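Counting convention: from 1, in listed order, for ligands and their atoms alike. Only a predicted model underlies this, so the values are computations on that prediction, with no experimental measurement involved.
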Amino acid sequence: MKPGERNRNAQQLLRTTDTRGTDHNSRVWILNCGACGNIYGCNSTDAFERKCPACQRGKPGLEIPIERDGEDWSREEHIIAFNLYSQIPFGSIHMRNPKVIELAAVLGRKVGSVSYKLANFARLDPALQARGIRGMPRGAKGEAAVWDEFSQNAEQLAFESERLLAARLGQSIEAVAEIDVDDLPPPGVEREAIVKLRVNQSFFRRRVLSAYQYRCCVTGMPIQPLLVASHIVPWADDAVNRLNPRNGLCLNALHDRAFDRGLMFVDEAMCVRFAPRLRSEAADAADWLLAFDGRALILPAKFSPDASLLAQHRERWRVAA
Ligand SMILES: [Zn+2]
């Protein structure tokens, strides 16, 4: 088995290690159960037929090696950790989060170290600092360096972080970034460009949706397939803010369209407003939309929308309104 492959019991190989297993000549490999998400160690010799100890009555798992414990975090590890920080809701950074456990197993580090690393990123987050989350501890330069690099070159770093994570997991970047591959052109320059664009769009989507805890910020609707990470200032108009989660709103598809077409906007008090022409032209038909007029936006714990970008959106549609 190679990392990324599954055995016949849906146990996926997350990582191989050099740590001795309990069988003769075996090493400890780390499996991730495709049925329940349990992560555990097993002997390399029986990985191909291993059953999950948690949900398939397999024998108890071996301890997961933490070879990197105590080592300095590399730039690559920081970038991968930042990727995860970007995609999990604030409040989910703890040692029981399956994503945190998975990353620790992938990196060969303690779950507590990964959780601490992610919390350090939260301390750098201006939105969280504004809410009184205290500043960085000493000796956490690596986090600050990656945070700054990301602010300056988000598109490059977002793609790189997904590529690095995919390589560690033995999966394709298309799979890790959860992008649609059905209509991609054959391998070549054109395909690469499209993949890069979609990976970054997907990264933006996951960042924004997770920040809003997968709820529409107007209606509170939590149905994920109907949620859109809406750009406040469009992708094409502002390259610098393309991946900036503070240039995003989590909206249901209908309000997203209304916002995108200037039929809806957010005022200075962070309340939802609808264009007068919607009221006059289609008052009856637009009942459901208009029911939310004047409601306060349901703001996220992190990455709250940037007031100046919302002002730009209002400005852009002033004529139409
Ligand atoms: Zn399981």
J.: Is it the case that R207 places NZ or CZ above or below the six-membered ring of F303, under 6.0 angstrom from the centre and within 45 degrees of the axis?
T.: yes
J.: For a distance under 2.8 Å, give residue and atom name for each protein N, O or S atom next to the Zn ion (ligand 1).
T.: C33 SG, C36 SG, C52 SG, C55 SG
J.: Test: ring-ring contact (aromatic ring centres under 6.0 Å, His included). Region: residues 33-82. Which pairs qualify, not counting sequence neighbours?
T.: W73-H78, F82-F121, F82-W147, F82-F150
J.: Looking at residues at least two apart in the chain, or sitting in another chain, which of them share a side chain to side chain contact (heavy atoms under 4.5 Å, CB included) with D18?
T.: none
J.: Could I get the full list of side chain to side chain contact (heavy atoms under 4.5 Å, CB included) partners for E149, not counting sequence neighbours?
T.: R75, L157
J.: Do the charged groups of E77 and R68 touch, with an N to O distance under 4.0 Å?
T.: yes
J.: Less than 4.0 angstrom from a charged side-chain N to a carboxylate O is my criterion; do R109 and D69 meet it?
T.: no
